[in-house]
Engineer: 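Have a look at this one.
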Number of protein chains: 2
Amino acid sequence: MSLTKWKERERKQRQNDIIKAARKLFASKNFNEVSMDEIANEVGLGKSTLYLYFKNKESLYFAVVLRGTRIWAHMVKDEVKKDDTGLGKLKLYGNANRRFSNEYPDDFRLLYSPTLIKKQFDTDKMNSSQEFQEVRDLFKEIMHIGIDSIQKGIDEGEIRPDVEPTEAAILLSVIYNGKVNMGDWAKELLKSRKIDDAKFTKDIGNFFLYMLKK
Amino acid sequence: MSLTKWKERERKQRQNDIIKAARKLFASKNFNEVSMDEIANEVGLGKSTLYLYFKNKESLYFAVVLRGTRIWAHMVKDEVKKDDTGLGKLKLYGNANRRFSNEYPDDFRLLYSPTLIKKQFDTDKMNSSQEFQEVRDLFKEIMHIGIDSIQKGIDEGEIRPDVEPTEAAILLSVIYNGKVNMGDWAKELLKSRKIDDAKFTKDIGNFFLYMLKK
DNA sequence: TTTATATGACTTATTAGTCAGTTATATAAC
DNA sequence: GTTATATAACTGACTAATAAGTCATATAAA
């Protein structure tokens, strides 16, 4: 019995190795630009072996995305607990996102990558994947934490009442999205002005808070 | 002589037809996801014919991008002339971008698409294409119009002096970028709150100006 | 008859997914 | 302790599909 369990864990471990290798590749390249052979090579397995752990390429891809989304959702939920005011929660929400982007850069890039956003997948394979459903749900949950914090801040009188919480939360997400996919020319321009990524991120956060605060 | 000229024009016309068909397809799909056969089919020509007008797929792609970028740069330069103050120019700069996104949605999406941004092209083919060089230069020019307007506004005392012009201009571009690649879930969320795209765009513009103004 | 324009059929390369067969490991029998 | 056997993990070679780019040939215009 404990043997079966050990086997089970071994299997999960392997699966995780594959996911981690795939994540590394999917973070820098499109779904279509990463081949199963490449992933297999990265883990040090034959391509056929991947199909023992995942039904098809889409399934593996969404397993990668789901793993990242779970980490993200966990970090956000955990952080937001630490304050009771709306404005406080909003600041923590921003911190959590920033921390996630620093500690899990591959996942962050992947989750905000247009590959995920654009529905370039086989619709059947996508909809039949319960991984994808869970990703969608977690995205919505995370977004609602932001929206609800802003609403709470308005109710408590610390955030301007003319702010539309949904619009503001989406704008924040749009900024993250844009920043991840920022062109090289923009990066170079910032660099030439000696503005590093950390400063830019921080300034955006301040800018955003300044906007919302009364 | 006038015959040669007429021929020349005929040829340019054909080339333009191909570019327009390609633009339509590249606007909604990745570089790799659009096939030359598909483009040829869209114009009503055989695939081989495309190679009489463009050296290879990359060359056609950059011809599409360049066409859009030229329109964009033209609109921005033309608009900004209409006011002499920095803040006024900045507002016109925003207007021009908004007008471009409305009148040339395919080009707008294409220019901000990550396909263009990520260097997923054959480096040799890309660098050897003078179309790509011109696109880069025009991008920089457009960006500098924004930066210079903000700087002028600061000098004239209408924009807060603690604003970093480069940072602010890039943030604006990052927002555009993010908005174009916004996920379906965000669009649905906005829709459910009865916020249409025009309102969202306008609010972002106001938000941005409010930030910068003294 | 010459020249420009066009194309269908072909080549070459890539890649998702399959499958028959191999290797390694655990259990059982003696 | 050794050998046989069952089971799980794995893989190389294959198939089928797709797509960029080429080329010999056809058509139409001058």
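Chain naming here is simple, since letters A, B, ... match the order of the sequence lines and numbering starts at 1 in each.
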Engineer: Look at B:D106 together with B:K24 and state whether they make a salt bridge at an N to O cut-off of under 4.0 Å.
Structural biologist: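 No, this pair does not count.
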Engineer: Do you know the tightest heavy-atom contact between B:L111 and B:F139?
Structural biologist: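 Distance-wise, the nearest heavy atoms are O-CZ, 3.8 Å.
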Engineer: Can you tell me the distance, in whole Å, between the CG atom of A:D37 and the C1' atom of C:dA13?
Structural biologist: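 In whole Å, C:dA13 C1' and A:D37 CG are 13 Å from each other.
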Engineer: If you pin A:M36 and B:T49 to their nearest nucleotides in DNA chain C, which one's is more 5'?
Structural biologist: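 First, find each residue's nearest nucleotide; the 5'-ward one identifies B:T49.
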Engineer: Starting from C1' on D:dA20, measure out to OH on B:Y61 and report it in whole angstrom.
Structural biologist: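 B:Y61 atom OH is separated from D:dA20 atom C1' by 17 Å.
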Engineer: Nearest whole angstrom, please: distance from the P of C:dT15 to the CG of A:N30.
Structural biologist: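 For the pair A:N30 CG and C:dT15 P, the rounded distance is 13 Å.
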Engineer: When you look at NZ of B:K187, are more than 12 heavy atoms from neighbouring residues, nucleotides or ligands closer to it than 6.0 Å?
Structural biologist: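 For B:K187, atom NZ is crowded (more than 12 foreign heavy atoms under 6.0 Å).
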Engineer: Could you tell me whether the phosphate oxygens of D:dC10, OP1 or OP2, come under 4.0 Å of any side-chain nitrogen or oxygen in A:Y53?
Structural biologist: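 A:Y53 to D:dC10 OP1/OP2: side-chain N or O found under 4.0 Å.
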Engineer: Looking at every strand, decide which applies to A:F54 at a 4.0 Å heavy-atom threshold: base, sugar-phosphate, or nothing.
Structural biologist: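 No contact.
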Engineer: Does the side-chain hydrogen bond (donor to acceptor under 3.5 Å, both in side chains) test come out yes or no for A:R98 and A:N95, once each step is laid out?
Structural biologist: CA-CA 5 Å; A:R98 197 152 55 234; A:N95 288 350; 3.2 Å; yes
Engineer: Could you check which of D:dT11, D:dG21, C:dG17 has an atom nearest any side-chain atom of A:E58?
Structural biologist: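 Closest nucleotide among those given: C:dG17.
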Engineer: Could you state the NZ-P distance from B:K29 to D:dT18, rounded to the nearest angstrom?
Structural biologist: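 The distance from NZ of B:K29 to P of D:dT18 comes to 13 Å, rounded to the nearest Å.
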Engineer: Using the side-chain contact (heavy atoms from CB on, under 4.5 Å) rule, pick out the option among A:L92, A:I150, A:V76 that qualifies with A:I145.
Structural biologist: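 So, applying the side-chain contact (heavy atoms from CB on, under 4.5 Å) to A:I145 and each of A:L92, A:I150, A:V76, only A:V76 qualifies.
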Engineer: Starting at atom CG of A:L45, determine the distance to atom C1' of D:dT11, rounded to an integer number of angstrom.
Structural biologist: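 These atoms are roughly 10 Å apart.
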Engineer: Expressed as a whole number of angstroms, how long is the span from A:L25:CG to C:dA16:C1'?
Structural biologist: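 Between C1' of C:dA16 and CG of A:L25: 16 Å.
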Engineer: For the base of D:dG21, is there a side-chain donor-acceptor partner from B:K57 under 3.5 Å away?
Structural biologist: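 Under the 3.5 Å cut-off, the side chain and the base do not form any donor-acceptor pair.
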Engineer: Parallel, tilted or perpendicular for A:Y210 and B:Y210, by the 30°/60° rule?
Structural biologist: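 Geometry flag for B:Y210 against A:Y210: tilted rings.
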Engineer: Ignoring hydrogens and angles, are the base of D:dG21 and the side chain of B:K47 linked by a donor-acceptor pair under 3.5 Å?
Structural biologist: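 Present.
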Engineer: Counting only side-chain heavy atoms from C-beta out, which of D:dC23, D:dG21, D:dA9 sits nearest to B:S48?
Structural biologist: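 Among the listed nucleotides, the one closest to the side chain of B:S48 is D:dC23.
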Engineer: Should B:R14 be listed as having a side-chain N or O under 4.0 Å from OP1 or OP2 of C:dA6?
Structural biologist: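 So the side chain of B:R14 is within the cut-off, an N or O lying under 4.0 Å from OP1 or OP2 of C:dA6.
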Engineer: Can you give me the bend angle of the helix from C:dT1-D:dA30 to C:dC30-D:dG1? Use the axis through the first five pairs and the one through the last five, nearest 10 degrees.
Structural biologist: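 It works out to 10° between the end axes.
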Engineer: Once you round it to whole Å, what is the distance between P of D:dA19 and CZ of B:F31?
Structural biologist: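 Value for this atom pair: 13 Å.
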Engineer: Donor-acceptor pair, B:Q151 side chain versus B:P165 backbone, under 3.5 Å?
Structural biologist: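 A pair under 3.5 Å: no.
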Engineer: Take atom OH of B:Y51 and atom P of D:dT22, then tell me their distance rounded to the nearest Å.
Structural biologist: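 Atom OH in B:Y51 sits about 7 Å away from atom P in D:dT22.
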